[in-house]
Asks: 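Before anything else, here's the structure in question.
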2 protein chains.
Amino acid sequence: MASRKSRPERRQEPLSRERIVAAAVELLDTVGEGGLTFRALAERLATGPGAIYWHVTGKTELLLAAMDAVIAPTLAGDDTGATPQDAIRALALGVFDAIDAHPWVGTTLARLPRTPGKSPMLRVFERIGRQVQALRVPETAQFTAASALLSYILGVAGQNAANTLAARANTDRAAFLDAVAAAWRELDPDQYPFTRDVAGQLREHDDRAEFLAGIDLILAGITAGRADGRTRP
Amino acid sequence: MASRKSRPERRQEPLSRERIVAAAVELLDTVGEGGLTFRALAERLATGPGAIYWHVTGKTELLLAAMDAVIAPTLAGDDTGATPQDAIRALALGVFDAIDAHPWVGTTLARLPRTPGKSPMLRVFERIGRQVQALRVPETAQFTAASALLSYILGVAGQNAANTLAARANTDRAAFLDAVAAAWRELDPDQYPFTRDVAGQLREHDDRAEFLAGIDLILAGITAGRADGRTRP
DNA sequence: ACCTGAACACCGTTCAAGT
DNA sequence: ACCTGAACACCGTTCAAGT
């Protein structure tokens with residue numbers, strides 16, 4: 001239809017919000033949160049740092065846009081057909097995997113200032129909420145249930161991202177977990193009896209499975225006592 | 001017993017880790033995370049920035065120490081006498097209140113690199129874990145249960161801290177919640193039906209009560225199906 | 001042993017000047 | 001309208017030099 005240059009020359013592509021955000025994600029994935037710099041970004045886009053400010057108001061907006069670019073695609077799936085529980089599990093795993101692949105999302109989430117209502121996490125909240133409604137949770141309890149699920153997801157995301165980054169800084173994940181387990185076992189038995197007890201479980205533990213088990217715990221709490229009857233007749 | 005100057009002259013007090021950490025907490029409380037600067041800290045302590053490095057290895061260690069100074073006192077309480085559920089609620093509320101009073105703790109938590117095993121949150125994990133054991137959770141499920149509770153607490157803490165900071169930046173909390181609710185109500189009904197539905201509940205909602213309700217949800221999940229009998233006989 | 005403060009190698013952001 | 005890049009006002013951290 002429309003005419004197209006057969007060889008688009010990379011250097012002359014005009015700057016745009018999308019190109020900037022894409023470059024930011026790439027930079028964040030490659031060199032981490034500390035590597036996202038207006039100077040580095042400008043160099044990658046073959047301009048000066050000032051040019052970026054024409055398309056983006058500042059670093060905060062850039063980070064929000066980068067997060068959204070990573071999170072939004074994981075919510076593209078269709079929930080029809082699955083049970084609400086399974087839809088929530090799938091949703092949660094999608095966010096988990098996205099943050100596992102882009103740890104900077106997890107560590108950035110907590111730090112960003114809340115513009116009223118507009119956050120990449122609102123998409124997740126909405127999707128969870130719809131499934132909570134499908135679970136037939138009473139209206140007054142829906143907000144609590146959806147918030148609890150989202151908070152848990154964000155909490156794990158942050159922890160897991162921090163661990164991923166720490167593991168990356170050291171050698172690999174297995175070695176890192178071993179180091180943590182070893183450190184736990186050397187704790188003062190009077191002060192840390194429980195932590196020492198469970199240190200052994202750290203080695204063969206699967207972050208993803210553990211995450212899902214926590215989701216199931218909350219789901220069980222949400223639906224507790226209204227399945228086949230109440231505990232007190 | 002030992003002789004003591006009656007008027008300790010403030011200016012000559014020697015520098016020490018404790019004084020540095022105390023000044024850091026004060027600075028963080030007063031001017032926020034962005035306000036903690038080695039230069040500002042040095043000025044408050046009447047020295048040069050270099051002096052601080054003699055007592056502290058860098059900014060990360062300083063932040064960890066500041067967090068620990070705020071969190072550790074909230075765990076001083078004694079759990080004997082209370083039910084495990086109540087002990088966990090008290091513990092969780094202590095952390096919640098500490099982070100509510102010092103929002104920078106919540107936003108800092110996720111970002112800090114994990115030194116193997118040594119984190120201010122390990123204290124919380126240990127305390128939760130002991131109560132999970134007291135709940136008679138099977139050994140293989142203890143780690144999952146304690147982790148889920150901790151992750152939820154951290155997730156809420158981060159969210160709440162971000163909200164507190166956003167509210168502080170705007171006018172007050174009530175006005176901020178109103179602004180969020182208004183923004184939610186203006187969302188596209190096709191894309192955000194649930195969020196629009198619950199926007200009304202945001203106004204009379206109590207963060208602390210909501211937090212506790214989430215804890216109870218997880219506790220219910222942890223103890224589900226083993227109180228007065230199983231759902232399937 | 002502990003402190004000082006200038007200096008180094010960076011930041012985010014702004015803004016006159018260009019096209 | 002959009003881009004350039006020097007300049008401003010900062011950072012964390014280091015380190016020779018002092019006491």
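Chain A is the first sequence line, chain B the second, and so forth, proteins listed ahead of strands; every chain is numbered from 1.
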Asks: Hey, which of these two, A:Ala40 or B:Ile52, hits DNA chain C nearer its 5' end, going by closest nucleotide?
Replies: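 That would be B:Ile52.
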Asks: Less than 4.0 Å between a side-chain N and a carboxylate O, is that true for A:Glu186 and A:Arg196?
Replies: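 Judged by the 4.0 Å cut-off on N to carboxylate O distance, A:Arg196 and A:Glu186 do not form a salt bridge.
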Asks: Rounding to an integer number of Å, can you tell me how far B:Glu43 CD sits from C:dG5 P?
Replies: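 My rounded result for the distance is 12 Å.
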Asks: To the nearest 0.5 Å, what is the distance between CZ on B:Arg208 and CG on B:Asp100?
Replies: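 One finds 8.5 Å between CZ of B:Arg208 and CG of B:Asp100.
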Asks: Report all interatomic pairs (protein N or O, nucleotide N or O of nucleotides 10-16 of chain D) with separations under 3.5 Å.
Replies:
{"from": "D:dG12", "atom 1": "OP1", "to": "B:Leu36", "atom 2": "O", "distance (Å)": "3.3"}
{"from": "D:dG12", "atom 1": "OP1", "to": "B:Lys59", "atom 2": "NZ", "distance (Å)": "2.7"}
{"from": "D:dG12", "atom 1": "OP2", "to": "B:Phe38", "atom 2": "N", "distance (Å)": "3.1"}
{"from": "D:dG12", "atom 1": "N7", "to": "B:Arg39", "atom 2": "NH2", "distance (Å)": "2.5"}
{"from": "D:dG12", "atom 1": "O6", "to": "B:Arg39", "atom 2": "NH2", "distance (Å)": "2.8"}
{"from": "D:dT13", "atom 1": "OP2", "to": "B:Tyr53", "atom 2": "OH", "distance (Å)": "2.9"}
{"from": "D:dT13", "atom 1": "OP2", "to": "B:Lys59", "atom 2": "N", "distance (Å)": "3.0"}
{"from": "D:dT13", "atom 1": "O5'", "to": "B:Tyr53", "atom 2": "OH", "distance (Å)": "3.1"}

Asks: Would you call the rings of B:His205 and A:Phe143 parallel, tilted or perpendicular, taking 30° and 60° as the class edges?
Replies: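 B:His205 vs A:Phe143 ring planes: perpendicular.
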Asks: Run A:Tyr152 and B:Tyr152 through ring pair (Phe, Tyr, Trp, His ring centres under 6.0 Å) and show every step you take.
Replies: CA-CA 4 Å; A:Tyr152 171 73; B:Tyr152 172 73; 8.0 Å; no
Asks: Would you say A:Glu126's side chain and A:Leu122's backbone share a donor-acceptor pair under 3.5 angstrom?
Replies: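 Not at all, since once roles are kept as given, no pair shorter than 3.5 Å links the two residues.
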Asks: Taking side chain as C-beta onward, heavy atoms only, is A:Pro103 less than 4.5 Å from A:Glu33?
Replies: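 No, side chains not in contact.
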Asks: Round to a whole Å and report the spacing from CH2 of B:Trp54 to P of D:dT19.
Replies: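 Going from B:Trp54 (CH2) to D:dT19 (P), I get 17 Å.
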Asks: Dot-bracket for DNA chain C, 5' to 3', with Watson-Crick and G-U pairs under 3.5 Å, [ ] for crossing pairs and | for other-strand pairs: what is it?
Replies: ||.|||||...|||||.||
Asks: Is it the case that more than 12 heavy atoms not belonging to B:Glu43 sit under 6.0 Å from its CD atom?
Replies: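 Count not over threshold, so no.
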Asks: Could you tell me how far apart A:Ile20 (CD1) and D:dC2 (P) are, to the nearest whole angstrom?
Replies: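 Value for this atom pair: 12 Å.
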Asks: Expressed as a whole number of angstroms, how long is the span from B:Leu15:CG to C:dA1:P?
Replies: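 To the nearest whole Å, that distance equals 17 Å.
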Asks: Below 4.5 Å, heavy atoms only, C-beta onward: do B:Gln201 and A:Thr144 meet side chain to side chain?
Replies: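 Counting from C-beta outward, B:Gln201 and A:Thr144 never come under 4.5 Å.
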Asks: Rounded off to whole Å, could you give me the CG-to-P distance for the B:Leu41 and C:dG5 pair?
Replies: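 It is 16 Å, rounded to the nearest whole Å.
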